[in-house]
Asks: 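Please read through the structure below; I'll follow up with questions.
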Amino acid sequence: MSGKIIVTGVGCCLVDLLFNNIHFDSKSILPYLSKKRGDGGLVPGQLVFKEEFEKFIGTGINEILYSITGGKTQNEVSIGGPSIVSLINVSQLVDQGFCEVRFCGRGGNDANGQ
């Protein structure tokens, strides 16, 4: 076989800000939980887009984030998304001399997108 094997994925890359000791049954988070499927409110274990959540709460996320977290900063930052996560895994498993892994996506225009 000549040349490298190229594995390419296309998708979105999400930035997860992870906070320890935030409980979904606390009084500070209850008003932001989803009332009905697809309304933009928070759903434990499910993805909620920032824009949809801001529409649900009627304000910017930073004000609510402070309320929910008590002003704590995130403990971890993690990237996610089905394509990028699988590509990261592939890149960790293959011999870089024989395989090249590429991701094609679009970055956001905020600090996390950078």
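Computed over heavy atoms, backbone and side chain alike; hydrogens, waters and symmetry mates excluded.
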Asks: Is a donor on one side and an acceptor on the other found under 3.5 Å between the side chain of Asp39 and the backbone of Gly41?
Replies: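 Pair found, side chain donor or acceptor close to backbone of Gly41.
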Asks: Is it the case that over 12 heavy atoms from other parts of the model lie below 6.0 angstrom from the NZ atom of Lys27?
Replies: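 No, not enclosed.
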Asks: Assess whether side chain to side chain contact (heavy atoms under 4.5 Å, CB included) is satisfied between Asp16 and Val77, documenting all intermediate values.
Replies: CA-CA 6 Å; Asp16 298 320; Val77 176; over 6 Å; no
Asks: To the nearest 0.5 Å, tell me how far Ile88 CD1 sits from Cys13 SG.
Replies: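 So the CD1 of Ile88 and the SG of Cys13 are separated by 7.0 Å.
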Asks: Shared ILVMFWY cluster between Phe103 and Val90, side chains joined below 4.5 angstrom?
Replies: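 Result: yes, single cluster for both.
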Asks: Mark yes when over 12 heavy atoms from residues, nucleotides or ligands other than Glu76 sit less than 6.0 Å from its CD; otherwise mark no.
Replies: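 Open: at most 12 neighbouring heavy atoms sit under 6.0 Å from CD of Glu76.
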Asks: Between CG of Leu93 and SG of Cys99, what distance do you get to the nearest 0.5 Å?
Replies: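 Rounded to the nearest 0.5 Å, the CG-SG separation comes out at 10.0 Å.
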Asks: What donor-acceptor contacts under 3.5 angstrom involve side-chain atoms of residues 48-74, with partners at least two apart or in another chain?
Replies:
unit_1, atom_1, unit_2, atom_2, d
Glu54, OE2, Ile61, N, 3.0
Thr69, OG1, Leu65, O, 2.7
Thr69, OG1, Gly71, N, 3.3

Asks: Could you pull out the closest heavy-atom pair between Leu18 and Ser78, with the gap in Å?
Replies: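 Taking every non-hydrogen atom into account, CD1-CB, 4.1 Å.
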Asks: For the residue pair Phe19 and Leu17, what are the closest heavy atoms and their distance?
Replies: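 Smallest interatomic distance, heavy atoms only, reads CD1-O, 3.6 Å.
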Asks: Same cluster or not: are Phe98 and Ile5 linked, directly or through other Ile, Leu, Val, Met, Phe, Trp or Tyr residues, by side-chain heavy atoms under 4.5 angstrom apart?
Replies: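 Unlinked, Phe98 and Ile5 end up in two clusters.
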Asks: Looking at every non-hydrogen atom in both residues, tell me the closest pair between Pro44 and Leu33 and how far apart they are.
Replies: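 Taking every non-hydrogen atom into account, CD-CD2, 4.5 Å.
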Asks: Establish whether Ile84 and Val15 are linked, either directly or via other cluster members, by ILVMFWY side-chain heavy-atom contacts under 4.5 Å.
Replies: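 No: no chain of side-chain contacts under 4.5 Å links Ile84 to Val15.
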Asks: Considering all heavy atoms of both residues, which atom of Pro82 and which atom of Ser86 are nearest to each other, and what is their separation?
Replies: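 Where Pro82 meets Ser86 most closely, the heavy atoms are O-OG, 3.1 Å.
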Asks: Which heavy atom of Thr8 sits nearest to which heavy atom of Ile6, and what is that distance?
Replies: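 That would be OG1-CG2, 3.6 Å.
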Asks: Do Ile79 and Leu87 sit in the same hydrophobic cluster, where Ile, Leu, Val, Met, Phe, Trp and Tyr count as joined when their side-chain heavy atoms come under 4.5 Å apart?
Replies: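 Shared cluster, yes.
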Asks: For Gln96 and Lys4, which heavy atoms make the closest approach, and how far apart are they?
Replies: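 The pair with the smallest heavy-atom distance is O-NZ, 3.3 Å.
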Asks: Does Leu14 reach the side chain of Leu47, with side-chain heavy atoms less than 4.5 Å apart?
Replies: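 Leu14 reaches Leu47 side chain to side chain.
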